[in-house]
Amino acid sequence: MNVPPSSAQILLREADRCVLCGMCLPHCPTYQRTGNEAESPRGRIALAQALARGQLPVDDSLSAHLDHCLGCRACEAMCPSEVRYGLILGHARRLLTEQRALPLAGRAAMGLLSRPAFLRTAVRLGASPLATLATPFSPTATRLTALAKARPQHPLGPRESAGRPRRGRVGLFLGCTGEAVDSEALAATEYVLAALGFDVERPSAQVCCGAIHHTQGNRAGFERLAYNNLAAFDLQRLDAVVSVASGCTAMLREFGQWLEAPQAAAFSASVSEITGFLAGLDWADAPVVAPLPATAAVHVPCTQVNVLCQPDTTGVVLAHIPALERVALPDNHTCCGAAGLHMLQEPATAEALREAKLDALVASGARYLVTTNIGCALHLAAGARERGLAVEVIHPVTLLARQLALAAKPL
Ligand code: SF4
Ligand code: SF4
């Protein structure tokens, strides 16, 4: 019988490929901030090796250096030896979690995200004066609510797609957070896909992608959610699975790497992030899009750049909106600090990284800040509101759907 390799074995095999060249160090936000080798990718790989070999105790120092990692994977994208840092970090966190109690914010977030109805209630509660009673969930709920409060909903109306040639059937991955705080982006995705000739369905048995559980080293929790999702999407009926948030998409695309089930790789291969999906389509017969004379600053999440490797697809989608000027934020190669639960667990670093983004946003004079990841949107919208900026943080497909709907309105 074949025994699958353990986390320690996989970690050590991958870490052995690191040649200690240090080329990744200048690209690591935590190393840039501290200059500390233990806060660098190379240092963390060495710590993970020692952890896997049982050479270091799981104490506060070891835990902190691994916990401080944003998981942005800028180091992986830059590594000339193609060391899969994400694989090393994922297994290191599983080993950590086997030997210590998880931080409170992590446990609270996992509890919320694996129960969508509970999450929606927490977000509503976070918007009310009762929020202070919702501890230990209130910090999470309050931050999730930050975006919900800042976002006016724009009903799109029904999209008449009858008569258009049918292009295929798409299963929409909703994402637990997206459903709770950015349902407009989900509706917009359905609207745009229908306008382009796709039938869209929301498989009802789907659950959270498990990314937060995965980054917390909670293997059992991650696998429970992931296997539910494998069963929820019937690939015999669907031509593709489309996901709206780039963070969820990155996790779904790596199911094949983290699950032993043979169908996991096929599922991962069927998953597209919505801007990547739209950028790959022929738009020759697309409906008219109303112009939008405004400036949109484009924030490209780490998952979009370093995991999905499609840094330009947001710009490609926005280019379908006439008169819209697009300005890339100058430091798009650097994490905004949201980084899953990092904005809750390490607020000082998260806010320092966000400040640079907000400075660039102000300098751009943009009316919109466009991002494909819900976590980044929550974090950036909270910061923009704290500064009193008159900027709407929005998913690019929401902006596109609004302009499609405007053009479709009878005169
Ligand atoms: S992870 Fe890659 S870039 Fe960084 S030190 Fe190792 S081999 Fe060099
Ligand atoms: S994932 Fe990001 S924060 Fe973590 S070591 Fe790599 S570059 Fe640094």
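Every number for a ligand or one of its atoms is a count from 1 in the order of the listing.
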Enquirer: In terms of residue, atom name and distance, what is the protein heavy atom nearest to atom 5 (S) of ligand 2?
Expert: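 In this structure, atom 5 (S) of ligand 2 has Arg44 NH1, 3.2 Å as its nearest protein heavy atom.
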Enquirer: Is any side-chain N of the basic residue among Asp285 and Arg167 closer than 4.0 Å to the acidic one's carboxylate O?
Expert: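 So Asp285 does not pair with Arg167 through a salt bridge.
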Enquirer: Looking at atom 3 (S) of ligand 2, what's its closest protein heavy atom, distance included?
Expert: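 Protein heavy atom at minimum distance: Leu70 N, 3.4 Å.
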Enquirer: Show which atoms of ligand 1 fall inside a sub-4.0 Å distance from at least one heavy-atom site of Pro80.
Expert: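 So the answer, numbered in order with elements, is 3 (S).
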Enquirer: Which residue supplies the protein heavy atom nearest to atom 7 (S) of ligand 1, what is that atom called, and how far is it?
Expert: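 For atom 7 (S) of ligand 1, the nearest protein heavy atom is Val19 N, 3.4 Å.
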Enquirer: Determine, using heavy atoms of Gly22 and all atoms of ligand 1, whether some pair is separated by less than 4.0 Å.
Expert: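 Contact check Gly22 vs ligand 1: positive.
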Enquirer: So, 2.8 Å as the limit: is an N/O/S atom of Cys28 located closer than that to atom 6 (Fe) of ligand 2?
Expert: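 Looking at Cys28, which is the residue asked about, there is no N, O or S atom under 2.8 Å from atom 6 (Fe) of ligand 2.
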Enquirer: Closest non-hydrogen protein atom to atom 8 (Fe) of ligand 1, residue and atom name please, with distance?
Expert: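 Result for atom 8 (Fe) of ligand 1: Cys21 SG, 2.3 Å.
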Enquirer: What part of Cys24, side chain from CB on, backbone N/CA/C/O, both or neither, has a heavy atom under 4.0 Å from ligand 1?
Expert: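 Both the backbone and the side chain of Cys24 come within reach of ligand 1.
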Enquirer: To check your reading of the model: name the closest protein heavy atom to atom 4 (Fe) of ligand 2, its residue, and the distance in Å.
Expert: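 Result: Cys69 SG, 2.3 Å.
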Enquirer: Are the charged groups of Glu392 and Arg385 less than 4.0 angstrom apart, N to O?
Expert: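 No.
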Enquirer: Parallel, tilted or perpendicular for Phe222 and His214, by the 30°/60° rule?
Expert: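 Taking His214 first and then Phe222, their aromatic rings sit tilted (interplane angle of 30° to 60°).
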Enquirer: Provide, to 0.1 Å, the distance between atom 6 (Fe) of ligand 1 and the closest protein heavy atom, together with that atom's residue and name.
Expert: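 Among all protein heavy atoms, the one nearest atom 6 (Fe) of ligand 1 is Cys18 SG, 2.4 Å.
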Enquirer: If the cut-off is 4.0 Å to any non-hydrogen atom of Arg73, which atoms of ligand 2 fall inside it?
Expert: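 Matching atoms, with element in brackets: 1 (S), 2 (Fe).
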Enquirer: Tell me whether Cys79 has at least one N, O or S atom under 2.8 Å from atom 2 (Fe) of ligand 1.
Expert: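 It does; at least one qualifying atom falls short of 2.8 Å.
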Enquirer: For atom 2 (Fe) of ligand 2, grab the closest protein heavy atom and report residue, atom and distance to one decimal in Å.
Expert: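 Ranking protein heavy atoms by distance from atom 2 (Fe) of ligand 2, first comes Cys72 SG, 2.3 Å.
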Enquirer: Strictly below 4.0 Å, N to O, side chains only: are Glu98 and Arg93 in salt-bridge contact?
Expert: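 Salt bridge between Glu98 and Arg93, a charged N being under 4.0 Å from a carboxylate O: no.
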Enquirer: Give me the nearest non-hydrogen protein atom to atom 1 (S) of ligand 1 as residue plus atom name, then the distance to 0.1 Å.
Expert: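 Answer, as residue, atom name and distance: Ile45 CD1, 3.8 Å.
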